[in-house]
Amino acid sequence: MIDARGLSCPQPVLMVQQEVKRSAPKQLTVLVDDQCAVGNIRRYASGQGYEVRVTEQDDTFTLELTK
Amino acid sequence: MKKWFKDNWLLLLTGLIVGVAALLLAQLGNPKNMGFCIACFERDIAGALGLHGAEAVQYFRPEIVGIVLGALIAALCFREFKGKGGSSPFLRLLLGMLVMIGALVFLGCPLRMVIRIGGGDLNAVVGLLGFIVGILVGVIFLKKGFTLGRAYAQAKVEAAAFPALLTLAFLLSATGLVGLFRSSESGPGSMRAPWIVALLAGLVVGFLAQRSRFCMAGGIRNAVMFKDFGLVAAFAMVIVTVLAGNLILGNFTGFSFEGQPVAHSDGLWNFLGMVVVGWGSTLLGGCPLRQLILAGEGNSDSAVTVVGMILGAAVSHNFKLASSGEGSTPNGHNAVWAALAILLIISLICTFAKKKEGKQ
């Protein structure tokens, strides 16, 4: 799991990119706390062939990436 | 291709509207090739507040207030207004100062840089090269793990304080409570579009930029790091719109280095000034415009960055670091070297020392 809450742009999507390049996971959970990071990660992950599911609770967005 | 347009139409629209607004504001009185310039306008605000004594550049620019309020309204409409802060506020203040110092050596923020290119100013192309180099250096550190640390949730009052203070100061200035604020009688600070038009243009641009996440530094960064070309297309859209608009309005006199409005042709310093801006903006996570948008969304780290930029403008003019149409200054050259050294130190420490801390 990646916890990228509170990090400035583009660190959240960069952390996802580095994890995808390192281990090409079939499933990855990412926590972020703003819509901009959600959009960036969704665009990047879709481009890499992941399905992205987003849920929101108490200002935290949980992105479930699956392939 | 169709999907790309579906994903990026709002960014392209923002680029188009920013370009049109810049043309309109310059046509209605703002200085040439300066319809919109975040650095210049914050510098004018610093002058209006009496933080520097450069009489030619003092005016409480409504555009800045409009941009912050436009972003605030968009964030409220779409439930994105949130108190957030605490990610190295003092380093951000310092980085904001450095970005402003670099911008005033070049004479413009990244947004004015593209507006200048669209106006035929080749000095701004030199600036663009420097801006790209600065971003690439910043990207290297980001990839190695650069971070200013996490921001945390803050109270709504912390989020609202900056937009509220800015609005209050603007109302005091616009309602003519003269004597409170300084106001240029000649020079760029005296060249203004009507305040209501400037405010509305800011509101529209702020609203759109909040929705589309428009950012001048993010474009090149995302293209390099993620092969994501949406932002860079918006960047190009501003240039194309301004160029086309200037051709239609008959303002375009060809591409050249000499005789450009509020610009100089010291190539090295145009280049290095924008290296500072590109590098600093990448470390901050966004260009000067983006900092205003984030401040409007309730991010107090960005509010502090904007204050840093205003402070940087005061320092630039008080210590003669800022360039003018006649060229750059020796103090400005020294300041650029100092800014590059400070950027390197911050980059190294926040990349490698943080990693060490993380391992303990």
Side-chain angles (χ1 to χ4, degrees), chain A, chain B residues 3-4 7-8 10-11 74-75 78-88 92 138-139 142-154 210-215 217-218 221-222 224-231 281-287 290-291 293-294 297-299 301-302 305:
Chain A
M1 190 181 73
I2 292 173
D3 181 358
R5 286 176 292 181
L7 294 175
S8 303
C9 190
Q11 287 167 55
V13 60
L14 180 61
M15 288 163 87
V16 173
Q17 185 193 42
Q18 289 182 335
E19 185 60 31
V20 166
K21 281 190 175 165
R22 196 174 60 81
S23 68
K26 289 263 177 264
Q27 198 264 337
L28 184 62
T29 305
V30 189
L31 303 181
V32 294
D33 64 355
D34 70 72
Q35 288 279 11
C36 185
V38 172
N40 284 340
I41 295 171
R42 192 201 296 271
R43 265 201 315 281
Y44 171 73
S46 308
Q48 299 296 313
Y50 285 92
E51 292 244 349
V52 183
R53 208 164 57 86
V54 185
T55 50
E56 182 187 358
Q57 194 181 17
D58 300 333
D59 288 344
T60 294
F61 298 91
T62 306
L63 287 86
E64 298 282 353
L65 277 56
T66 46
K67 205 171 203 172
Chain B
K3 184 180 179 306
W4 188 87
D7 284 347
N8 293 300
L10 190 58
L11 269 172
F78 292 88
R79 289 182 45 243
E80 290 184 18
F81 183 75
K82 265 192 246 176
K84 204 171 161 185
S87 158
S88 305
R92 287 180 190 270
V139 164
L142 279 175
K143 283 191 166 176
K144 295 272 178 211
F146 174 89
T147 180
L148 288 172
R150 286 180 203 270
Y152 295 91
Q154 303 288 343
Q210 197 280 336
R211 296 316 304 148
S212 65
R213 329 292 182 201
F214 184 76
C215 172
R221 182 197 68 204
N222 287 0
V224 176
M225 295 179 87
F226 308 109
K227 309 279 177 286
D228 180 349
F229 297 97
L231 271 173
S281 297
T282 305
L283 300 186
L284 284 165
C287 72
R290 182 81 185 138
Q291 299 302 327
I293 302 297
L294 291 171
E297 288 178 17
N299 187 321
D301 289 329
S302 288
T305 307

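What you are looking at is a predicted structure, and each value in this text was computed from that prediction instead of being measured. Each chain gets a letter, A, B and so on, in the order the sequences are listed, and its residues count up from 1.
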- Message: Quick check on the structure: residues of residues 12-23 of chain A within a heavy-atom distance below 4.5 Å of chain B, by number.
- Response: A/V13, A/L14, A/Q17, A/Q18
- Task: Select all residues of residues 30-48 of chain A having any heavy atom within less than 4.5 Å of some heavy atom of chain B, and report them by number, or 'none'.
- Result: A/D33, A/D34, A/Q35, A/C36, A/R43, A/Y44
- Message: Which residues pass the side-chain contact (heavy atoms from CB on, under 4.5 Å) test with B/N222, not counting sequence neighbours?
- Response: B/F226, B/D228, B/L231
- Query: Looking at OG of A/S8 and CG of B/L142, how far apart are the two atoms once the value is rounded to the nearest 0.5 Å?
  - Reply: 9.5 Å
- Note on the structure: Rounded to the nearest 0.5 angstrom, the CZ-SG distance for B/R290 and A/C9 is 6.5 Å
- Item | salt bridge (Lys or Arg N to Asp or Glu O under 4.0 Å) pairs, two or more places apart, involving residues 45-59 of chain A | A/E56-B/R79
- Message: Less than 4.5 Å to any heavy atom of chain A: does that hold for the side chain of B/R92, its backbone, both, or neither?
- Response: side chain
- Note on the structure: Residues B/K84 and A/G6: closest non-hydrogen pair is CE-CA, 4.3 Å
- Residue pair B/R150 / A/A4: nearest heavy atoms and the distance that separates them: NH1-C, 3.7 Å
- Among B/R213, B/K227, B/M225, B/E297, single out the residue with the greatest number of heavy-atom pairs under 4.5 Å to chain A. B/R213
